[in-house]
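Throughout, numbering of the chain's residues begins at 1 and tracks the sequence. Keep in mind that this is a model prediction, so the values were computed, not measured.
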Amino acid sequence: MATLSSNIVDPAPLSGIEGAKRLAAWTAVDRHIKPEHKIIGIGSGSTVPYVVERIVAQGKEVNKDRVFLPTGFQSKELIVKGGLTLADIDQYTELDVTIDGADEVDPELNCIKGGGACQLREKVLAEAAETFIVVADYRKNSHLLGTAWKQGVPIEVSPFAYAPLLNALLSPNKLGAKSAKLRMSPSGGKAGPVVTDNGNFVIDAVFSESEYKNPKEILVKLKLVTGVVEVGLFCGMAKVAYFGNEDGSVTALFASGRTELIGKSEEILPAKAQEN
Ligand SMILES: O=C(CO)[C@H](O)[C@H](O)COP(=O)(O)O
């Protein structure tokens, strides 16, 4: 590890998937977290630590009058451990920028999110932000939802309503999912279902290819079911999605439909970090 200044550390280079995640995250921070941005939403997942890493590397001076809103327990820890100022949506209802990961993104920037069961808070902070940016590795860049992320659309549901929702999902004449199951804690974790930061359960529901072509229709029909708290389909929300590629480049997909290939440039080298 090289030290760039007294408080900026240039982390060791990463390769493979982790390197791709970091490239996407750093590119997004360099392009969208500017000194004038003061209220920033931090998403959840394994790509987001690189977002925080890059924000911290911008230096104490620029970060001292910023606040950071977390989308869950994990991002709260990242903010606190990064020495950044934690805040909540009750205090700041309008954010400048939110950056978050995604499980899968289609060419129209519709996203499946909620692999980490944080989709409710993630969507609140995405919606409240002037700019919502997605960061991911190349595996998430997909031509059609449901092809790369096969475990289904995460649906946060009130525990009281999970059984009727599951039944409706599995009934061909109701919600007609191909499959649906209550997400359980992994072995070695708590016995029983995954419980979200909001005390709810998660059902993962797989839909047919024809349905994934219209993710907004899936979203609307699920949100009309009583007991559904939030659906991990983010449609028409992201301004840009950055995907780190295996070769060290980054693909940017814009909501306008434009695609940009960002080469291995100085733009994403650690030395570009702002020093105090
Ligand atoms: O939606 C999420 C959590 O609810 C995450 O953003 C999503 O699962 C992506 O995570 P990762 O960066 O680990 O691929």
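Between Lys223 and Glu230 there is a salt bridge, with a side-chain nitrogen of the basic residue lying less than 4.0 Å from a carboxylate oxygen of the acidic one. With salt bridges taken as basic N to acidic carboxylate O contacts below 4.0 Å, none links Glu156 and Lys123. Salt-bridge annotation for Glu77 and Lys81: present, with a side-chain N of the basic residue lying under 4.0 Å from a carboxylate O of the acidic one.
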Criterion side-chain contact (heavy atoms from CB on, under 4.5 Å) on Leu84 and Leu78, from CA distance to verdict: CA-CA 9 Å; Leu84 304 171; Leu78 288 172; over 6 Å; no
Criterion side-chain contact (heavy atoms from CB on, under 4.5 Å) on Leu261 and Asn245, from CA distance to verdict: CA-CA 10 Å; Leu261 186 64; Asn245 297 318; 3.9 Å; yes
Chi angles and distances behind the side-chain contact (heavy atoms from CB on, under 4.5 Å) call for Lys38, Asp65: CA-CA 7 Å; Lys38 303 295 181 197; Asp65 54 355; 3.4 Å; yes
Chi angles and distances behind the salt bridge (Lys or Arg N to Asp or Glu O under 4.0 Å) call for Lys216, Glu108: CA-CA 11 Å; Lys216 194 161 183 187; Glu108 291 173 2; over 6 Å; no
Working for side-chain contact (heavy atoms from CB on, under 4.5 Å), residues Leu175 and Leu165: CA-CA 9 Å; Leu175 295 171; Leu165 173 62; 3.9 Å; yes
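Residue pairs meeting the salt bridge (charged side-chain N to carboxylate O under 4.0 Å, His left out) criterion with at least one partner in residues 195-213, sequence neighbours excluded, are Arg183-Asp204, Glu211-Lys221.
The backbone N or O of Ile55 lies less than 3.5 Å from a partner atom in the side chain of Asn63, making a donor-acceptor pair. In this structure, Asp103 contributes its side chain and Gly115 its backbone to a donor-acceptor pair below 3.5 Å. Judged purely by atom type and a 3.5 angstrom limit, Asp137 uses its side chain to pair as donor or acceptor with the backbone of Arg139.
To the nearest 0.5 angstrom, Lys76 atom NZ is 12.5 Å from Ser44 atom OG. A distance of 9.5 Å separates SG of Cys235 from CG of Asn214, quoted to the nearest 0.5 Å. The NE2 atom of His143 lies 10.0 Å from the CG atom of Asp106; values are rounded to the nearest 0.5 Å. Between the CD atom of Glu94 and the CD1 atom of Ile89 there is a distance of 9.5 Å, given to the nearest 0.5 Å. Atom NZ of Lys239 is separated from atom CG of Leu109 by 12.0 Å, given to the nearest 0.5 angstrom. Rounding to the nearest 0.5 Å places CD1 of Ile33 at 4.0 Å from CD1 of Ile99.
In terms of the ring pair (Phe, Tyr, Trp, His ring centres under 6.0 Å) criterion, residue partners of Tyr162 (sequence neighbours excluded) are, by chain and number, Phe201.
Cluster membership for Leu253 and Tyr242, using ILVMFWY side-chain heavy atoms within less than 4.5 angstrom, is not shared. In terms of hydrophobic clustering, with Ile, Leu, Val, Met, Phe, Trp and Tyr side chains grouped at heavy-atom distances under 4.5 Å, Leu120 and Leu69 are assigned to a common cluster. Using a 4.5 Å cut-off between side-chain heavy atoms of Ile, Leu, Val, Met, Phe, Trp and Tyr, with links allowed through other members, Val48 and Phe68 fall into the same hydrophobic cluster. In this structure, Val135 is a member of the same hydrophobic cluster as Val56, with clusters built from ILVMFWY side-chain heavy atoms closer than 4.5 Å. The cluster map of Ile, Leu, Val, Met, Phe, Trp and Tyr, joined by side-chain heavy atoms under 4.5 Å apart, puts Met237 and Val124 in different clusters.
In the displayed structure, Glu18 atom CD is contacted under 6.0 Å by more than 12 heavy atoms of other residues, nucleotides or ligands. Around atom CZ of Phe254, more than 12 heavy atoms belonging to other residues, nucleotides or ligands sit under 6.0 Å away. Atom CD of Glu36 sits in a crowded spot, with more than 12 heavy atoms from other residues, nucleotides or ligands closer than 6.0 Å.
Looking at Phe132 and Glu127, their side chains never come closer than 4.5 Å, going by heavy atoms from C-beta outward. Put simply, the side chain of Asn198 does not reach to within 4.5 Å of the side chain of Val229, judged on heavy atoms. A heavy-atom distance below 4.5 Å is found between the side chains of Lys174 and Asn167. In this structure, the side chains of Val134 and Phe234 stay at 4.5 Å or more apart for every pair of heavy atoms. A 4.5 Å side-chain heavy-atom check between Asp100 and Leu125 finds every atom pair outside the cut-off. Residues Lys150 and Glu104 form no side-chain contact, since every pair of their non-hydrogen atoms from C-beta on lies 4.5 Å or further apart. With contacts defined as side-chain heavy-atom distances shorter than 4.5 Å, the pair Phe207/Val153 qualifies. Contact annotation: the side chain of Pro70 never approaches that of Ile42 to less than 4.5 Å [non-hydrogen atoms, C-beta and beyond].
Heavy atoms only, all atoms of each residue included: Ala241 and Val105 are closest at CB-CG1, 4.2 Å. In terms of heavy atoms, Pro159 sits closest to Gly199 at CG-O, 3.5 Å. In this structure, Ile203 and Ala180 approach most closely via the heavy-atom pair CG2-CB, 4.2 Å. Pairing each heavy atom of Ala129 with each of Val97, the nearest pair is CB-C, 4.1 Å. When every heavy atom of Ala102 is checked against every heavy atom of Ala136, the shortest pair comes out as O-CB, 4.4 Å. Considering all non-hydrogen atoms of both residues, Ala117 and Val194 come closest at CB-CG1, 4.2 Å.
With a 6.0 Å cutoff to the six-membered ring centre and a 45° limit on the axis angle, Lys140 does not count as a cation-pi contact of Phe243.
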